[in-house]
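Heads up, the thing below is written out as structure tokens.
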2 protein chains.
Amino acid sequence: MKELSIGEVARQAGLTASALRYYERAGLLPAPPRRSRQRRYTEAVFGRISLIRLALEAGFTIGETRLFLTGFSEQTPPAARWRALAARKLEEVDALMDRARRMKSLLETSFQCRCPRLEDCEKFLRAAKRKPTEVLRCG
Amino acid sequence: MKELSIGEVARQAGLTASALRYYERAGLLPAPPRRSRQRRYTEAVFGRISLIRLALEAGFTIGETRLFLTGFSEQTPPAARWRALAARKLEEVDALMDRARRMKSLLETSFQCRCPRLEDCEKFLRAAKRKPTEVLRCG
DNA sequence: GCTTGACTTCAAGTGCACTTTAACTCGTAG
DNA sequence: CTACGAGTTAAAGTGCACTTGAAGTCAAGC
């Protein structure tokens with residue numbers, strides 16, 4: 001199995017070596033074996049990194065992401081904490097998706113809008129509160 | 001029209017007075033008239049605050065939110081900047097929604113999963129990469 | 001007149017997710 | 001042997017979105 005330096009991993013994963021070291025210190029990445037003090041990764045690290053990035057980009061904090069990644073397999077108390085986190089995060093992700101949907105609708109609406117001020121646009125304001133992704137036109 | 005103190009606005013809007021002052025300094029909220037140096041708001045501020053929160057919670061920075069709110073009505077150069085921002089942000093919001101969707105799918109999948117480690121779960125990993133919201137079961 | 005509570009400003013502090021810096025160790029190439 | 005590039009650490013720095021602290025103002029109630 002091919003061994004990868006931190007630089008190669010960083011380049012392939014599209015982030016920096018310092019971020020990888022930071023993730024390791026933060027307990028998101030397991031400490032890989034060393035070859036004369038230098039970290040040697042296997043390809044397996046990329047799956048882990050994808051999970052980390054996905055969680056972080058979905059609004060998880062470092063601590064939540066760690067629990068998400070590591071608290072899963074452990075015995076009952078961590079697993080229970082994990083389930084609690086997962087349930088809470090499921091709600092948060094739902095809320096995030098809803099806001100993103102509304103923001104998208106807003107951006108689309110305002111793209112076609114010629115009202116003098118955004119807040120004067122009736123349809124825009126309605127779009128700000130509406131859940132469906134339906135598109136409206138101003139004026 | 002009823003006049004509101006910063007404390008009342010904060011309480012009703014569900015944020016702090018210091019956040020409202022911060023938004024004002026940052027150019028997100030217009031400076032309201034003062035009654036013996038104290039800010040007096042009208043109900044109209046709540047619409048503006050909703051827009052601000054929506055933008056911020058959808059991942060806009062303070063600067064982007066300001067442009068979103070104020071750069072809209074102004075003459076051609078700001079409006080052009082605004083359109084550029086809106087187009088870019090539309091893509092970002094799409095990406096955010098996609099990640100949120102995938103994270104949701106992941107959370108749902110892992111809720112039913114009994115694999116020893118998350119990364120050992122084939123279906124979980126597939127869920128991490130999949131776009132549709134389809135739900136899978138582990139084991 | 002004095003206290004109380006909500007407000008004011010300005011400056012400094014906080015937490016997060018990293019990044020940067022300084023000083024160091026290696027293996028390899030010339 | 002020296003120089004180079006890529007890696008190492010610990011500690012300090014960064015940018016964002018606010019928050020907190022210190023010191024002061026003001027209207028209302030006792």
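Each chain gets a letter, A, B and so on, in the order its sequence line appears, and its residues count up from 1. What's counted below: heavy atoms across the whole structure, side chains too, no hydrogens, waters or symmetry copies.
Under 4.0 angstrom from either OP1 or OP2 of C:dC18 there lies at least one side-chain N or O belonging to A:R53. Between B:S5 and C:dC7 there is a side-chain polar atom (N or O) within less than 4.0 angstrom of OP1 or OP2. OP1 or OP2 of C:dC18 has not a single side-chain nitrogen or oxygen of A:S18 nearer than 4.0 Å. Residue A:R37 has no polar side-chain atom (N or O) positioned under 4.0 Å from OP1 or OP2 of D:dT9. A close approach under 4.0 Å does occur between a side-chain nitrogen or oxygen of B:T16 and OP1 or OP2 of D:dT19. A close approach under 4.0 Å does not occur between any side-chain nitrogen or oxygen of B:R39 and OP1 or OP2 of C:dC7. Residue B:Y23 places none of its side-chain N or O atoms closer than 4.0 Å to OP1 or OP2 of D:dA17.
D:dT25 atom P lies 19 Å from atom CD1 of B:I6, rounded to whole Å. Distance A:L29 CG to C:dA17 C1': 14 Å, rounded to the nearest Å. B:E24 has its CD atom 17 Å from the C1' atom of D:dT19, to the nearest Å. Across the protein-nucleic acid pair, B:Y22 atom OH and C:dT9 atom P stand 16 Å apart, rounded to whole Å. Across the protein-nucleic acid pair, A:R35 atom CZ and C:dC26 atom C1' stand 14 Å apart, rounded to whole Å. Following rounding to the nearest Å, B:I49 (CD1) and D:dA17 (P) show an atom-to-atom distance of 17 Å. Between the CZ atom of B:R25 and the C1' atom of D:dC18 there is a distance of 9 Å, rounded to whole Å. Rounding to whole angstrom units, CD of residue A:E57 and C1' of C:dC18 are separated by 14 Å.
A salt bridge does not link B:R40 with B:E8: every distance from a Lys NZ or Arg NE/NH1/NH2 to an Asp or Glu carboxylate oxygen is 4.0 Å or more.
If you check every strand for non-hydrogen atoms under 4.0 Å, A:R21 touches a base. No engagement by A:R11 is indicated, since no non-hydrogen atom pair under 4.0 Å with the nucleic acid exists.
In this model, no donor atom of one side chain and acceptor atom of the other lie less than 3.5 Å apart for B:E108 and B:S105. Side chain to side chain, B:R53 and B:Y23 meet the donor-acceptor criterion of an N or O pair below 3.5 Å.
Note that B:K89 lies outside the cation-pi zone of B:F68, set by a 6.0 Å cut-off to the ring centre and a 45° limit from the axis.
When each of A:Q38, A:R39, A:E24 is paired with A:I6, the side-chain contact (heavy atoms from CB on, under 4.5 Å) condition holds for A:R39 and for no other.
Projected onto DNA chain D by closest heavy-atom contact, A:E8 and B:A19 fall at different nucleotides, the more 5' of which corresponds to A:E8.
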